[in-house]
Amino acid sequence: MHKDVKEILYTQEEIAAKCKELSKLIMNDYHDKEVILIGLLKGSVPFLAELSKHVSLDVTFDYMDVSSYEGVESRTITIKKDVDQDVKGKHILLVEDILDTGKTLSTVMAMFLERGAASVEIVTMLDKKEGRTYPIEAKYVGFEIPNAFVIGFGLDFNEKYRNLPYVGILKEECYK
Ligand code: 5GP
């Protein structure tokens with residue numbers, strides 16, 4: 001275990017098993033649909049890779065990089081990298097590492113609906129329900145976690161720890 005990790009929450013075996021479970025639900029819901037898996041950079045990459053191995057449907061991948069901030073009257077997101085394809089009439093599954101306040105994904109979801117997507121749903125590896133301030137839920141959730149700062153399996157702190165093969169809680173002394 002990495003010296004900065006206080007506790008491992010989910011091992012790579014547990015995450016892989018969960019991805020298999022989620023992929024079955026996804027295949028059941030999307031077997032007759034054309035679906036684009038859209039990963040939110042950078043944290044979703046390991047989860048998207050693990051999940052998609054088990055989704056035996058004709059899916060395509062795309063990636064998006066956004067940063068979101070709150071203005072006085074509205075929410076704005078800055079698109080640092082947009083998807084490459086036209087989403088009109090397509091079924092979109094947004095793939096995220098962790099859903100916290102819901103700010104980023106609620107804005108991204110609205111944006112794809114505005115662009116004419118047939119449907120937009122979320123699959124998230126982790127869900128911090130306690131942190132939610134926007135009315136948004138993921139259709140597919142790997143694990144519900146308490147309000148702790150987690151790292152690993154794509155999740156970073158100052159760009160570090162994304163490569164850890166497990167999800168763990170970061171020691172407080174590393175960020176306080
Ligand atoms: P929100 O749902 O608040 O818009 O933002 C979700 C994003 O916040 C995630 O993609 C992730 O970048 C970041 N985030 C929220 N909670 C955590 C956490 O516990 N650990 C890490 N590493 N990032 C987090």
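Between L57 and H31 the shortest side-chain heavy-atom distance falls below 4.5 Å. By the 4.5 Å heavy-atom criterion applied to side chains, F153 and L126 are not counted as neighbours. In this structure, the side chains of I79 and M111 come closer than 4.5 Å at one or more pairs of heavy atoms. The closest side-chain heavy-atom distance from V5 to L164 is below 4.5 Å. Here the side chains of F112 and I38 are in contact, with some heavy-atom distance below 4.5 Å. Counting heavy atoms from C-beta on, the side chains of H91 and I36 never come closer than 4.5 Å. Within the 4.5 Å cutoff, the side chain of I122 has heavy atoms near those of the M109 side chain. A heavy-atom distance below 4.5 Å is not found between the side chains of L94 and E121.
L22 and V120 fall into different hydrophobic clusters, where Ile, Leu, Val, Met, Phe, Trp and Tyr side chains are chained together by heavy-atom contacts under 4.5 Å. Note on L37 and V83: separate hydrophobic clusters, where clusters join Ile, Leu, Val, Met, Phe, Trp and Tyr whose side-chain heavy atoms are under 4.5 Å apart, directly or indirectly. There is a path of hydrophobic side-chain contacts, each under 4.5 Å, that joins Y30 to V95. L93 and L25 fall within a single hydrophobic cluster, where Ile, Leu, Val, Met, Phe, Trp and Tyr are joined by side-chain heavy atoms under 4.5 Å apart, directly or via other members. Under the 4.5 Å side-chain heavy-atom criterion for Ile, Leu, Val, Met, Phe, Trp and Tyr, V123 and M64 are members of distinct hydrophobic clusters.
Note that CD1 of I98 is 13.0 Å distant from OG of S44, once rounded to the nearest 0.5 Å. Once rounded to the nearest 0.5 Å, the distance linking CG of D62 with NZ of K81 reads 5.5 Å. Rounded to the nearest 0.5 angstrom, E130 CD and D100 CG are separated by 10.0 Å. Distance check: I26 CD1 to H54 NE2 gives 11.0 Å after rounding to the nearest 0.5 Å. If you take OG on S23 and CD on E50, they are separated by 9.5 Å, rounding to the nearest 0.5 Å. The CZ atom of F149 sits 6.5 Å away from the NZ atom of K128 when rounded to the nearest 0.5 Å.
Residue L155 comes nearest to M125 through the heavy atom pair CD1-CE, 4.1 Å, listed as atom of the first residue, atom of the second, then distance. The two residues Y10 and E144 make their nearest non-hydrogen contact at OH-O, 3.8 Å. Across all their heavy atoms, A118 and G89 have their closest contact at CB-O, 3.6 Å. Minimum heavy-atom separation, P46 to G43: CD-O, 3.6 Å.
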Sequence neighbours left out, cut at 3.5 Å: what donor-acceptor pairs do the side chains of residues 166-173 make with other protein atoms?
{"unit_1": "Y166", "atom_1": "OH", "unit_2": "H2", "atom_2": "N", "d": "2.9"}
{"unit_1": "K171", "atom_1": "NZ", "unit_2": "K3", "atom_2": "O", "d": "2.6"}

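The neighbour count for E114 CD, taken as heavy atoms of other residues, nucleotides or ligands under 6.0 Å away, does not exceed 12. For CD of E34, the number of neighbouring non-hydrogen atoms (other residues, nucleotides, ligands) closer than 6.0 Å is 12 at most.
In this structure, K18 forms a cation-pi arrangement with F143, its terminal cationic atom sitting closer than 6.0 Å to the ring centre and no more than 45° off the ring axis.
Between R132 and D127 there is a salt bridge, since a side-chain N of the basic residue sits under 4.0 Å from a carboxylate O of the acidic one. Classification of K24 and E21 as a salt-bridged pair fails, no side-chain N sitting under 4.0 Å from a carboxylate O.
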Take D86 and K88, measure what salt bridge (Lys or Arg N to Asp or Glu O under 4.0 Å) needs, and give me the verdict at the end.
-> CA-CA 6 Å; D86 183 4; K88 206 167 186 175; over 6 Å; no
Verdict with reasoning, I145 to V150, per side chain to side chain contact (heavy atoms under 4.5 Å, CB included) = CA-CA 9 Å; I145 62 161; V150 292; 3.9 Å; yes
Applying salt bridge (Lys or Arg N to Asp or Glu O under 4.0 Å), run through D58 and K33 and close with a yes or a no.
-> CA-CA 9 Å; D58 284 334; K33 297 185 175 76; over 6 Å; no
Step by step, would you call K42 with R162 a side chain to side chain contact (heavy atoms under 4.5 Å, CB included)?
-> CA-CA 9 Å; K42 305 170 188 166; R162 292 193 197 276; 3.8 Å; yes
Please report the C-alpha distance between V66 and T78 in whole Å, then the side-chain angles of each, then the deciding distance to 0.1 Å, and finally whether the side chain to side chain contact (heavy atoms under 4.5 Å, CB included) criterion is met.
-> CA-CA 6 Å; V66 298; T78 305; over 6 Å; no
Should T124 and F47 be marked as a side chain to side chain contact (heavy atoms under 4.5 Å, CB included) after you check the CA-CA gap, both sets of side-chain angles, and the distance that decides it?
-> CA-CA 9 Å; T124 187; F47 178 54; 5.6 Å; no
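A side-chain N or O of Y140 and one of D29 form a donor-acceptor pair less than 3.5 Å apart.
Checking side-chain atoms of D65 against main-chain N and O of K80 turns up no donor-acceptor pair under 3.5 Å.
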